[in-house]
> 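Quick one: structure below, then a few questions.
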Amino acid sequence: MPDCIFCRIIKGEIKSDIIFRDDRAVAFPDVYPKAPVHILIVPIEHIPSVAELDEAKAAICAHMVTVANRLAREQGISESGYRLVTNRGPDAGQAVLHLHMHLIGGKEMGDIA
Ligand code: AMP
Ligand code: ZN
C-alpha cells in the first residue's frame with residue numbers, strides 16, 4: 001500500500017530503527033513511546049487490522065506474539081510484565097491502518113477497562 005506509513009517503513013522508504021525482521025514481520029520502536037519499552041510488531045503483509053484475520057490468516061497473530069515475547073525477554077521486561085495491545089477502529093484509537101501489536105512495559109500500568 002503506497003500511502004501506508006508502516007508499509008513504507010518496511011520498505012525502508014521511511015527511516016526507523018528496525019530491531020527485528022524476518023520474512024513475516026518487523027519490529028521497531030514506537031515514535032511516541034508511552035512507556036520505557038514501547039515497540040510495534042508489524043506484519044510485512046498489509047492487513048488493515050485484526051478484524052481482517054480469520055482462522056486461516058490468524059497464524060500471523062501467533063507469530064507476532066512469539067516475536068513480542070522474544071523482544072520482551074531481550075528488553076528485560078519478561079518478568080516485570082508487559083502488555084500486548086492491538087487497536088481496531090476509531091473507538092480503540094487506531095491511527096495506522098496496518099495491523100500492529102504494541103509491546104508496552106517497563107513501568108506499572110493501570111487498568112485499561
Ligand atoms: P495505533 O493507535 O494503535 O494505530 O498506533 C499507531 C502507533 O504508531 C502510535 O503509537 C504512533 O506513535 C506510532 N507511529 C506512528 N508513526 C510512526 C513511525 N513513523 N514510527 C514509529 N511509530 C510510529
Ligand atoms: Zn501497510
Side-chain angles (χ1 to χ4, degrees):
M1 290 286 279
D3 293 337
C4 170
I5 191 164
F6 287 174
C7 281
R8 296 190 66 197
I9 287 174
I10 290 163
K11 281 192 269 177
E13 293 173 3
I14 294 175
K15 200 194 140 9
S16 181
D17 292 328
I18 304 283
I19 53 180
F20 174 89
R21 182 189 283 272
D22 68 7
D23 57 336
R24 285 174 286 169
V26 301
F28 47 84
D30 195 293
V31 74
Y32 297 119
K34 294 174 181 64
V37 176
H38 189 168
I39 296 169
L40 301 174
I41 297 100
V42 181
I44 286 174
E45 181 182 353
H46 179 91
I47 300 166
S49 80
V50 74
E52 282 70 36
L53 297 180
D54 57 15
E55 190 73 34
K57 280 199 151 189
I60 189 61
C61 220
H63 185 60
M64 290 163 72
V65 170
T66 305
V67 171
N69 290 340
R70 170 180 159 169
L71 293 172
R73 286 193 298 275
E74 289 175 4
Q75 297 286 326
I77 59 168
S78 192
E79 297 306 319
S80 54
Y82 51 97
R83 186 168 280 162
L84 300 180
V85 175
T86 186
N87 294 314
R88 151 68 183 179
D91 278 359
Q94 185 181 8
V96 178
L97 301 183
H98 181 134
L99 175 64
H100 53 282
M101 185 175 282
H102 299 253
L103 166 63
I104 306 166
K107 70 169 189 181
E108 203 172 313
M109 292 169 276
D111 286 348
I112 54 166

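All ligand and atom numbering here is 1-based and tracks the order in the structure.
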> Ligand 1 and Phe6, any nitrogen or oxygen pair closer than 3.5 angstrom?
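For ligand 1, there is no N or O atom that lies under 3.5 Å from one belonging to Phe6.
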> Assess whether side chain to side chain contact (heavy atoms under 4.5 Å, CB included) is satisfied between Ile60 and Arg24, documenting all intermediate values.
CA-CA 8 Å; Ile60 189 61; Arg24 285 174 286 169; 4.0 Å; yes
> Considering the heavy atoms of Asn87, write down every atom of ligand 1 situated less than 4.0 Å from one of them.
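Selected atoms, number and element: 1 (P), 2 (O), 3 (O).
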> For the Zn ion (ligand 2), which N, O or S atom of His46 is at the shortest distance?
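Nearest N/O/S atom of His46: ND1.
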> I need the nearest protein heavy-atom contact for atom 4 (O) of ligand 1: residue, atom name and distance, please.
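So the nearest neighbour among protein heavy atoms is Ala95 N, 2.7 Å.
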> Contact between Leu97 and ligand 1, counting heavy atoms under 4.0 Å?
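Outside the 4.0 Å threshold, so no.
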> Does a side-chain heavy-atom distance below 4.5 Å link Asp30 with His102?
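Result yes, sub-4.5 Å side-chain heavy-atom pair found.
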> With the side chain counted from C-beta on, respond yes when Ile10 and Ile18 share a heavy-atom pair under 4.5 Å apart, and no when they do not.
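They are not in side-chain contact.
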> Can you list the ligand 1 atoms lying under 4.0 Å from a non-hydrogen atom of Gln94?
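Taking each heavy atom of Gln94 in turn, ligand 1 has 2 (O), 4 (O) under 4.0 Å.
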> Given Ile14, Val85, Val31, identify the one with the heavy atom nearest to atom 17 (C) of ligand 1.
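Considering heavy atoms of Ile14, Val85, Val31, the nearest to atom 17 (C) of ligand 1 sits in Val31.
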> Report the nearest protein non-hydrogen atom to atom 2 (O) of ligand 1: residue, atom name, distance rounded to 0.1 Å.
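The answer is Gly93 O, 2.8 Å.
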> Using a 3.5 Å cut-off on N or O atoms only, is His38 in polar contact with ligand 1?
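Between His38 and ligand 1 (N or O atoms, distance only) the closest approach is not under 3.5 Å.
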> Below 4.0 angstrom, N of the basic side chain to O of the carboxylate: do Lys15 and Asp17 qualify?
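The answer is yes: the pair qualifies as a salt bridge.
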> With a 4.5 Å heavy-atom cut-off, do Ile9 and Phe28 have their side chains touching?
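Yes, at least one pair of side-chain atoms sits under 4.5 Å.
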> Is any side-chain heavy atom of Tyr82 less than 4.5 Å from a side-chain heavy atom of Asn69?
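Of all side-chain heavy-atom pairs linking Asn69 with Tyr82, at least one is under 4.5 Å.
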> Within less than 4.0 angstrom of ligand 1, does Pro33 place any heavy atom?
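No.
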> Counting non-hydrogen protein atoms only, what is the nearest one to atom 7 (C) of ligand 1? Give residue, atom name and distance.
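For atom 7 (C) of ligand 1, the nearest protein heavy atom is Asp30 OD2, 3.5 Å.
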> At less than 4.0 angstrom from any non-hydrogen atom of Phe28, what atoms of ligand 1 do you find?
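Result: 21 (C).
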> Under 4.0 Å from a heavy atom of Lys34: give me the atoms of ligand 1 that qualify, with their elements.
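The atoms of ligand 1 under 4.0 Å from a heavy atom of Lys34 are 10 (O).
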> Which atom names give the shortest non-hydrogen contact between Pro43 and Leu99, and what distance separates them?
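Minimum heavy-atom contact is CD-O, 3.0 Å.
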> Which residue and atom name correspond to the protein heavy atom nearest atom 18 (C) of ligand 1, and how close is it?
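Sorting protein heavy atoms by distance from atom 18 (C) of ligand 1 puts Ile9 CD1, 3.9 Å first.
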> Taking just the N, O or S atoms of His98, which one is nearest to the Zn ion (ligand 2)?
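Among the N, O or S atoms of His98, the one closest to the Zn ion (ligand 2) is ND1.
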> So, does Lys11 use its side chain to make a donor-acceptor pair with the main chain of Pro2 at under 3.5 Å?
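Pair absent, no side-chain N/O of Lys11 close to backbone of Pro2.
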> Could you tell me the separation between the CZ atom of Arg83 and the NZ atom of Lys34, rounded to the nearest 0.5 Å?
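Atom-to-atom, Arg83:CZ and Lys34:NZ are 13.0 Å apart.
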> Checking contacts here: is it the side chain or the backbone of Leu40 that comes within 4.0 Å of ligand 1, counting heavy atoms only? Could be both or neither.
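Looking at Leu40 and ligand 1, just side chain atoms fall under 4.0 Å.
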> Around atom 6 (C) of ligand 1, find the nearest protein heavy atom and jot down its residue, atom name and distance.
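Checked against all protein heavy atoms, atom 6 (C) of ligand 1 sits closest to His100 NE2, 3.5 Å.
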> Search all heavy atoms of Ile39 against all heavy atoms of Ala27 and return the closest pair with its distance.
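What the structure gives for the nearest pair is CG2-CB, 4.0 Å.
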> Under 4.0 Å from ligand 1, counting heavy atoms only, is it the side chain of Ser16, its backbone, both or neither?
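Neither part.
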> Counting N and O atoms only, with roles assigned by atom type, does the side chain of Gln94 sit under 3.5 Å from a partner on the main chain of Pro48, one being a donor and the other an acceptor?
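Such a contact is found between Gln94 side chain and Pro48 backbone.
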> Between Ile5 and ligand 1, find which residue part has any heavy-atom pair under 4.0 Å and reply side chain, backbone, both or neither.
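For Ile5, only side-chain atoms sit under 4.0 Å from ligand 1.
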> Evaluate Leu40 against Phe6 for side chain to side chain contact (heavy atoms under 4.5 Å, CB included), listing each step before the verdict.
CA-CA 10 Å; Leu40 301 174; Phe6 287 174; 3.6 Å; yes
